[in-house]
Amino acid sequence: MSDLAAIEVPGFRGDVITPGHHDYDDARAVWNGAVKRRPRAIVRCGDTADVAAAVRFARDRDLEIAVRGGGHNVAGTAVCNDGIVIDLSTMRAVSVDPIERTALVQGGALWGDVDRETQAHGLATTGGIVGHTGVGGLTLGGGIGWLMRKHGLTVDNLVEAEVVTAEGETVRASTDDHPDLFWALRGGGGNFGVVSSFRFTLHPVGPTVLAGPVFWAAEDTTDVLRFYRELADGAPDELGTVIRLGTIPPLPVIDPDLHFRPAIAVASCYAGPVEDGERAVRALRHFGTPLVDLLGPTRYVEHQSALDDTVPHGWHYHWKATNLTGLSDTIIDIVANHSYDATSPRSYAAMFHLGGAVARSPRDATAYSGRDVDHNIIIDAAWLPEQDGTVGAAETAWAREFLDALEPHRAGVYVNFLDSDDDTSRVHEAYGDTNYRRLAEVKATYDPENVFHNNKNIPPAATAQ
Ligand SMILES: Cc1cc2nc3c(=O)[nH]c(=O)nc-3n(C[C@H](O)[C@H](O)[C@H](O)COP(=O)(O)OP(=O)(O)OC[C@H]3O[C@@H](n4cnc5c(N)ncnc54)[C@H](O)[C@@H]3O)c2cc1C
């Protein structure tokens, strides 16, 4: 089979993009520019029937399958060498039912699409903090974001999913329908089928919220983190915060004199009345001597895209991540000592504050397991494509050494933050023994031949050893 374009994919009405097609290089590119794979074909699906046709076509011919949602996964699992990419990137429709407060979202939508449509009704669900991240991969891994402490993880808001299985059959998964599959989809990644649509619960949010970052000089990092530990401990569920340690990004809203200056930021989003938010962040804004304070009433939909330009498509990225046992003085010292050692001004570390509604669901409620940790960290090495070589190697080493230093303080990991060099033991680590075993059993039911393995793979139970 040298030319898939010449082959009729039975029942398929979308585009088949093969090498030589004018869109081929764009279509195989993913967010992480370091990932350069050459599939035999990218089959761009228009609807669920296309997805089913593509799965059956690839299966019948024993072709590798990669599934592309938003194409954002740092490990680049949305694209494979030699096989076919089931590309959902044109399946981005979002339809909101403002009475039921639900949104039906196609499997290739981005969070920016969801925020735009839901905020037209003053509603939202927990999504990622960067608008060009895909709903598909983020949801299937768990989904953490500004609203999670108030409204739960993205998977806690998932009501049902339409799934094309490894057999090419279309099923619905919910608490009533294929409940084992529904449990596994809520954190188990792309192991169980291709999700053509998700239905989420929505909540009133904004449209204006109190949100934005406050920056302090890097030298203040230890003090800021010790203060932040107390703030986070006593924070109401409405207050979502993310720490960013690196250089100040060159955003137009920030004084150019501060661009690229090493700094720590505490970014917030208050999911409640702005006046209550003002009270919740008052101490934060008055702590020490901020370099710049951008906290203020903001449209939620704008806040959700405020970071988009700081992590553009095409740069080269390498990630290391872990959940943390807490924010002890020792951990704070490690974070303060390593965060500013990167060579590239584009590299940074980020820490999410979890807890709240995330922690109130039992650990086995969904496949996502890390409900009992309050903080995680992602070490995000980033450099320009032309800096591959010395800078790329230095950044990768920085991220690995940073994680190594945190070794005694690790408490699991969020599966969506794993990179391509994180081995299967880290996938196991993401779920813990009990949830991992249960996932392997569900995998054996729905995908016993491990057709969907270009992901953070969980082999089916019989072969899991
Ligand atoms: C800049 C940036 C910011 C991020 N911020 C957050 C954040 O705030 N919160 C958070 O939780 N995560 C965040 N992430 C991590 C994110 O959750 C993962 O990268 C996730 O994999 C992205 O989903 P995607 O659909 O874009 O990925 P893709 O690369 O398209 O897909 C990754 C994998 O997910 C599976 N998949 C995707 N869509 C489907 C589908 N419809 N059906 C079946 N399988 C599918 C496939 O196995 C695929 O290999 C961020 C990532 C980036 C790069």
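One-based numbering, in listed order, for ligands and for the atoms of each. Please read these numbers as outputs of a predicted model, since none were measured by experiment.
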Below 4.0 angstrom, N of the basic side chain to O of the carboxylate: do Asp380 and Arg346 qualify?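 Salt bridge flag = no for Arg346 with Asp380.
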
Donor + acceptor pair across side chains of His132, His72 (<3.5 Å):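 The answer is yes; a qualifying pair exists.
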
Between Glu64 and Asn454, do the side chains contain a donor N or O and an acceptor N or O under 3.5 Å apart?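 Result is yes, a qualifying pair exists.
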
Pairs touching residues 448-462 that satisfy salt bridge (Lys or Arg N to Asp or Glu O under 4.0 Å), sequence neighbours left out: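 Of all non-adjacent pairs touching residues 448-462, those that pass salt bridge (Lys or Arg N to Asp or Glu O under 4.0 Å) are Arg59-Glu449.
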
Scan residues 368-378 for pairs that pass salt bridge (Lys or Arg N to Asp or Glu O under 4.0 Å), counting only residues two or more places apart or in two chains.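 Passing the test, one end in residues 368-378: Asp156-Arg371, Arg363-Asp372.
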
Taking only distance into account, with no hydrogens and no angle test, what donor-acceptor pairs under 3.5 Å do side-chain atoms of residues 260-269 form with protein atoms, sequence neighbours excluded?
none

Extract all N/O-N/O pairs under 3.5 Å that connect ligand 1 to the protein, and present each with both atom names and the distance rounded to 0.1 Å.
unit_1	atom_1	unit_2	atom_2	d
ligand 1	8 (O)	Ile129	N	2.9
ligand 1	8 (O)	Ile144	O	3.4
ligand 1	9 (N)	Ile144	O	2.7
ligand 1	11 (O)	Ile144	N	2.9
ligand 1	11 (O)	Tyr414	OH	2.6
ligand 1	17 (O)	Asn416	ND2	3.1
ligand 1	21 (O)	Asn73	ND2	3.0
ligand 1	23 (O)	Gly137	N	3.4
ligand 1	23 (O)	Leu138	N	3.3
ligand 1	25 (O)	Gly70	N	2.9
ligand 1	25 (O)	Gly137	N	2.9
ligand 1	26 (O)	Gly70	N	3.3
ligand 1	26 (O)	Gly71	N	3.4
ligand 1	26 (O)	His72	N	3.1
ligand 1	26 (O)	Gly134	N	2.9
ligand 1	27 (O)	His72	N	3.4
ligand 1	29 (O)	His72	N	3.2
ligand 1	29 (O)	Asn73	N	2.9
ligand 1	30 (O)	Gly69	N	2.7
ligand 1	30 (O)	Gly70	N	3.2
ligand 1	30 (O)	Gly71	N	2.6
ligand 1	38 (N)	Gly137	N	3.4
ligand 1	41 (N)	Gly107	O	3.3
ligand 1	41 (N)	Val195	O	3.0
ligand 1	42 (N)	Val195	N	2.8
ligand 1	49 (O)	Thr77	O	3.3
ligand 1	49 (O)	Thr77	OG1	2.7
ligand 1	49 (O)	Asn454	O	3.4

